[in-house]
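Shown next, in structure tokens, is the structure this report addresses.
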Amino acid sequence: MDLLTLVLVDDEPIILKGLLETYQWNRMGFQVIGAVRDGDAALEIIREKEPDVVLTDVRMKKMDGLTLIEKTKEMGIKTNFVVISAYRDFEYAQKACRNGALSYLVKPIEEDELERTMTEIYEMCTEQKYKEKNYSLWEKILLEDRDNFLNQMLGRYLDNGISEEEQIKRSNPVYYY
């Protein structure tokens, strides 16, 4: 299993230590590459290491988790967020999800719920990375060897290997972003 990178952020030292030592992150598919106590420090790690996932508290003294998500987006870094909070306040959860958080967990976090959530996020992130890798590979092939690709497609069309309808589809691709 390829491990995804994870940064933990919580301003309460005991909570942060608990997150680091209580859970078996490797078993869930993650390697912890940073554990920090405020949003500013988290932003620096995110900028330097571009982790796959950040697990952040929503309420912190220097910079809250929601602002951290917004600033990360502004920097153009594609990092996924899971927000944790001691507050069951629907408004926090709603704002976190609107800002792009994949999940909102309430403290104290139950191990089963965390494992289920992180496993789902691992699968989603891994699938996304696979798609991006394949897309980049096909884009590279098309850009580097476009003439050869077009000649092959034309040859198959002329040999009745590709129907006219399929040829039209291939010449007018639809991209989803």
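Listed by first and then second residue, the side-chain hydrogen bond (donor to acceptor under 3.5 Å, both in side chains) pairs that reach into residues 22-37 are Q24-R27, R27-E115, sequence neighbours excluded.
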Which atom pairs, one a donor and one an acceptor, fall under 3.5 Å between side chains of residues 40-47 and the rest of the protein, sequence neighbours left out?
unit_1, atom_1, unit_2, atom_2, d
E44, OE1, R47, NH1, 3.0

Under 3.5 Å donor-acceptor pairs involving side-chain atoms of residues 105-113, not counting sequence neighbours:
unit_1, atom_1, unit_2, atom_2, d
K107, NZ, D10, OD2, 2.8
K107, NZ, D57, OD2, 3.3

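Here the side chains of V54 and V82 are not in contact, with every heavy-atom distance at 4.5 Å or above. The closest side-chain heavy-atom distance from V58 to I84 is not below 4.5 Å. For the pair S103 and V83, the minimum side-chain heavy-atom distance is 4.5 Å or more. Proximity of I33 to L6: side-chain heavy atoms (C-beta onward) are nowhere separated by under 4.5 Å.
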Checking side chain to side chain contact (heavy atoms under 4.5 Å, CB included) for the pair E12/L16: CA distance, chi angles, key distance, verdict?
CA-CA 6 Å; E12 296 294 331; L16 190 58; over 6 Å; no
Verify side chain to side chain contact (heavy atoms under 4.5 Å, CB included) between L102 and E120, making sure each step is shown before the conclusion.
CA-CA 10 Å; L102 299 178; E120 289 172 4; over 6 Å; no
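Hydrophobic clustering places L19 together with I14 (ILVMFWY residues linked when any side-chain heavy atoms are closer than 4.5 Å, directly or through intermediates).
The salt bridge (charged side-chain N to carboxylate O under 4.0 Å, His left out) search around E127 returns K131, not counting sequence neighbours. Shown here are the side-chain contact (heavy atoms from CB on, under 4.5 Å) partners of T67, two or more places apart in sequence or in another chain: M63, D64, K71. The side-chain hydrogen bond (donor to acceptor under 3.5 Å, both in side chains) check on N99 picks up E70, with sequence neighbours excluded. Under the side-chain hydrogen bond (donor to acceptor under 3.5 Å, both in side chains) criterion, T117 pairs with no residue, sequence neighbours left out. Qualifying side-chain contact (heavy atoms from CB on, under 4.5 Å) partners for K129, counting only residues two or more places apart in sequence or in other chains: L4, D52.
The backbone N or O of P51 lies less than 3.5 Å from a partner atom in the side chain of T79, making a donor-acceptor pair.
Within the model, atoms OG1 of T72 and CD1 of I77 stand 6.5 Å from one another, a figure rounded to the nearest 0.5 Å. Considering CG of D11 and OG1 of T56, their distance stands at 9.0 Å, rounded to 0.5 Å. Note that NZ of K78 and SG of C125 are 12.5 Å apart. Values are rounded to the nearest 0.5 Å. Rounding to the nearest 0.5 Å places CG of L8 at 5.5 Å from CG of L55. Expressed to the nearest 0.5 Å, how far CG of N80 lies from CD1 of I69 amounts to 10.5 Å.
Across all non-hydrogen atoms, the minimal contact from M60 to D38 is SD-CA, 4.4 Å. Considering all non-hydrogen atoms of both residues, F30 and L3 come closest at N-CD2, 3.8 Å.
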